[in-house]
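Here's the structure, in C-alpha cells; my notes come after.
Every chain is numbered from 1, with letters handed out A, B, ... down the list of sequences. Since we're looking at a predicted model, the values are computed, not measured.
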Protein chains: 2
Amino acid sequence: MATIYSIAEHCGVSPSTVSRAFSRPDLVRAEVRAKILATAQELGYQPNRNARGLARGTTGAIGLTVPDITNPFFPPLVRAVENLAWHQSQSVLLVDTGEDLDRERQALLRLREQVDGIVMVSPRAASNVLRDALAGTRGVLINRASRLLPHVIVDDAPAIDVALGRLAELGHERVAYLGGPADSWMNSRRRSLLHATAPEHGLEIHDTGSYPATPEGGRAAVAALLDSRATAAVAFDDVMASGVLVELAARGVSVPSELSVLGCDDVILSSMLNPALSSIASAPAKLAAAALAALVDTELAVGLTAIPSSFVERISTGPRP
Amino acid sequence: MATIYSIAEHCGVSPSTVSRAFSRPDLVRAEVRAKILATAQELGYQPNRNARGLARGTTGAIGLTVPDITNPFFPPLVRAVENLAWHQSQSVLLVDTGEDLDRERQALLRLREQVDGIVMVSPRAASNVLRDALAGTRGVLINRASRLLPHVIVDDAPAIDVALGRLAELGHERVAYLGGPADSWMNSRRRSLLHATAPEHGLEIHDTGSYPATPEGGRAAVAALLDSRATAAVAFDDVMASGVLVELAARGVSVPSELSVLGCDDVILSSMLNPALSSIASAPAKLAAAALAALVDTELAVGLTAIPSSFVERISTGPRP
DNA sequence: GTGAAAGCGCTAACAG
DNA sequence: CTGTTAGCGCTTTCAC
C-alpha cells in the first residue's frame, strides 16, 4: 500500500514534504508538489485515515443516529447528510438505534471516539442523557428542541397555517388530529401548532389521542376519527396517514369526497398512495445542511435553526361533504 | 481523555497490561484485570479506534454502498447490516452513490482505506471496475452475480414458481412482465426466471420492455400492459408496481378484478398500498447476514450465496376476469 | 522550502 | 503473568 514514505522515496524528498504537499500545499515548491501529486496518483495513494486521525486528533467522519431507517422520513435525510458530508470529504457512520434508548446511548459512547461530530435524530431520549453521552463531542439534535444541545427543527407553523387556511376555504369546520407517540417532541409540537392556528381560520381541532406512528396506528385511529364527526383529519405523519387511507377504504369511506386526509413529512410514499396524500412537507435536505452547519459552527453553542415547512396539496383533500 | 496510560498509572501497572486487559483478558491476572476494568469504567475510558486501527492494521468498520437509500428496498437491508455489525462491535460507513458509477468508484477508493471490508449493492457497475477499486480490500456484492467477487443474491426462483403457480390456479394464461432498467442484473434475472418457469404452469410471458424503476416508470408501463391483453402483470419491483396501481386507478381499471398486479421485493410500502400489493419477497435480513459472513469467510473467495425468496399474496392478485 | 525527529494511543513481539 | 520496546502512517514543531 502506498504511503507517504513510498512516495517520498520515489520523489527523492522527505516524508514531511509529501505530507505537506497534501495538507499545506502552499508550503511546497510548485514543481515538487506537482511531482508528488503525480506519483501519488500513479501509486494509487490514499492517506491512511487512522494515522491522520491519530496525529491530528480528528477523524474525518461524522456520526448519524436515527431511530429507524425503515421509516420513510429518514432515508432522504440520511441521503442528504451523506451527500453533504461526501463533498467535504467526510464519511458518515450510520447507526440505527431501533428506537431503543439504551442502545442509542451506547451508540453515542461508541461513536464519540470515532467521529468529529454527531447528528442525532432522537424524538424521545432525555436531552441531558444525550449531552452526557456525548461528553463534549459536538452533537446536533434534529427535530427536537433542547436547552442543552444545538438543534435544528422543521418549523411546521407556516405549512400548518396554509393547510388549515385551505381546509377552511374548502368549507371544513372541524378537523381531527390523529396524534403520534405521546412522548415524541414533534407530536406535541404539531398538536399545539394546530390548536394555536385553528382559531385564526375559524376551525375547531379535535384530538383523537395518541397512536403508534405506523400504518396500524393509523388504522386504529380511524374509529375515533369517524366518531369525532370531523370532516378532515391531520395525521401525525404520512405513515400513519397511509393506514388511515387503507382503513377508510376498507370501511367504504371515500377520500376526499366524504373525508379529507392529510399527513405530515411528505415522504416519497405519499405520492404513491391512492389517493395521493396531501402533506405538510419537511425539507430534509435543508435540515441536513443546517445540522451539518451547526456541527461546525460553535457560535451556535446551544442554538436553534428552524427550517420552514410547506404544504403540498394532492388529492386526499377536498371540499367539505 | 482517558487513555491506557492514565489507567496504567492509576493502577500501578504498565500500559501493555491495560491493553491486554481489554484485548486478551485471559492473559491478565483476574484481580489486576478487575481493577483495570473498574478504573477504566470510572474514568469513562473508550479505546481510541484510530490508534487501535493504526496499530492493528484493522479499522473496526465496514463500508456499505447503496445506489439510493431512498428506494424502499434498501432501508431494511441497511438496517440489518448495521444491526449485525453493531453486535460484532463494528461500525458502518454508509455511502449513497446516487446511482452514479463514477462516484461509486470514488467511494470505494475512499472507503477501502478506512474499513475492513465493503458490502456493495451495485446493480450496474462493471465488476472488474469494482474489483480494481477495491484493490484487495475484501468486498461482497449484493444481488449481482460476478466471476470476480464474492456475492450474495436473492434467489427468486422458488417464489416465482409459487407465484406463477398461483396465477395459473387463478385461471390466468397470459402474464406481462414490466421490466426494470435494462442494465440491472436483477432485472435480467427476473425476466429469464419468468420465461423459464412459465411453461411449467402453462403460462405465457409477455415482455413489455424496460422502464425506470420508479412510480413514473410503472405508470408509463401501463399503456403497453393494457395493449398486451395479459390478465396479470409482474412488475420489476414494488416501486414500479405502485405506479402501475396509481395509473390503473386513474384509468378506471380495477385491481384485482380486471387485472392482477404483483411486485417484487416486498418493501414496506407494499402493504400500505391500496389494494395491498402481492409481492415476491426478498429477505433483507438474511441477505445482510450472508453478506457479512461472506466478508469474513475467505473460503468463499469468489462464491455465491443464494437466499431463497418467498411469495406474499395480498389482494392485488385475484381470479382471471 | 525542506528535512529530522518526536509523538498521537494502542498493539505485539520479546524478554523476563 | 507482566514490563520493555518498537513500531503503525501521518502531522507538526524546530532547525537548517
Side chain to side chain contact (heavy atoms under 4.5 Å, CB included) evaluation trace for A/I62 with A/L292: CA-CA 9 Å; A/I62 64 167; A/L292 253 29; 3.6 Å; yes
Whether A/E82 side chain and B/D96 backbone form a donor-acceptor pair below 3.5 Å: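 Pair found, side chain donor or acceptor close to backbone of B/D96.
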N/O donor-acceptor pair under 3.5 Å between B/R124 side chain and B/D183 backbone: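 Between the backbone of B/D183 and the side chain of B/R124 there is no qualifying donor-acceptor contact (under 3.5 Å).
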Distance below 4.0 Å between B/T3 side-chain N/O and C/dG9 OP1 or OP2: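 Checking C/dG9 against B/T3, no side-chain N or O comes under 4.0 Å of OP1 or OP2.
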Between P of C/dC10 and CG of B/L27, the distance in whole Å: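 Atom-to-atom, B/L27 to C/dC10, this comes out as 18 Å.
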Using a 4.0 Å heavy-atom cut-off, does [X] contact any base of the nucleic acid, only the sugar-phosphate backbone, or nothing at all?
X     : answer
B/Y5  : base
A/T17 : sugar-phosphate
B/V13 : sugar-phosphate

Step-by-step side chain to side chain contact (heavy atoms under 4.5 Å, CB included) determination, A/L134 to A/M120: CA-CA 11 Å; A/L134 285 173; A/M120 301 168 283; 3.7 Å; yes
Counterpart residues, side-chain hydrogen bond (donor to acceptor under 3.5 Å, both in side chains), relative to [X] (two or more places apart):
X      : value
B/S127 : B/S146
B/S23  : none
A/N143 : none
B/N83  : A/R103

Selection residues 34-43 of chain B - residue pairs positive for side chain to side chain donor-acceptor pair (under 3.5 Å), sequence neighbours left out: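 Listed once each, the pairs would be none.
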Pair A/D68 + B/R79: basic N to acidic O under 4.0 Å: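 Salt bridge: yes.
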Where chain A begins and ends its contact with DNA chain D, read 5' to 3' at 4.0 Å from heavy atoms: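 The contact span of chain A on DNA chain D goes from D/dG9 to D/dT13.
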Closest-nucleotide ordering on DNA chain D, the 5'-leading residue of B/V28 and A/R24: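 It is B/V28, whose closest nucleotide lies nearer the 5' terminus.
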Distance-only check: which donor-acceptor pairs under 3.5 Å involve side-chain atoms of residues 1-8 of chain A, not counting sequence neighbours?
| unit_1 | atom_1 | unit_2 | atom_2 | d |
| --- | --- | --- | --- | --- |
| A/T3 | OG1 | A/Y5 | N | 3.0 |
| A/T3 | OG1 | A/S6 | N | 3.2 |
| A/S6 | OG | A/T3 | N | 2.9 |
| A/S6 | OG | A/T3 | O | 2.8 |

Near-strand residues of residues 29-36 of chain B, defined as heavy-atom separation under 4.0 angstrom from DNA chain D: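 Residues of residues 29-36 of chain B that come under 4.0 Å of DNA chain D are, in numerical order, B/R29, B/V32.
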Five-pair end axes of the helix from C/dG1-D/dC16 to C/dG16-D/dC1 and the angle they enclose, rounded to 10°: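 Result, rounded to 10 degrees: 30°.
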Pairs flagged by salt bridge (Lys or Arg N to Asp or Glu O under 4.0 Å) wherever residues 1-28 of chain B is involved - sequence neighbours left out: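 Output for this query is empty, none listed.
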Most 5' of B/P15 and A/G12 on DNA chain C, judged by nearest nucleotide: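 Comparing both residues, the 5'-ward one is A/G12.
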Are there any protein N/O atoms within less than 3.5 Å of an N/O atom in nucleotides 13-16 of chain C, and if so, which ones and at what distance?
| unit_1 | atom_1 | unit_2 | atom_2 | d |
| --- | --- | --- | --- | --- |
| C/dA13 | N6 | B/R20 | NH2 | 3.1 |

DNA chain C contacts made by residues 39-57 of chain B, counting heavy atoms under 4.0 Å: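 Those residues are B/Y45, B/P47, B/N48, B/A51, B/R52, B/A55, B/R56.
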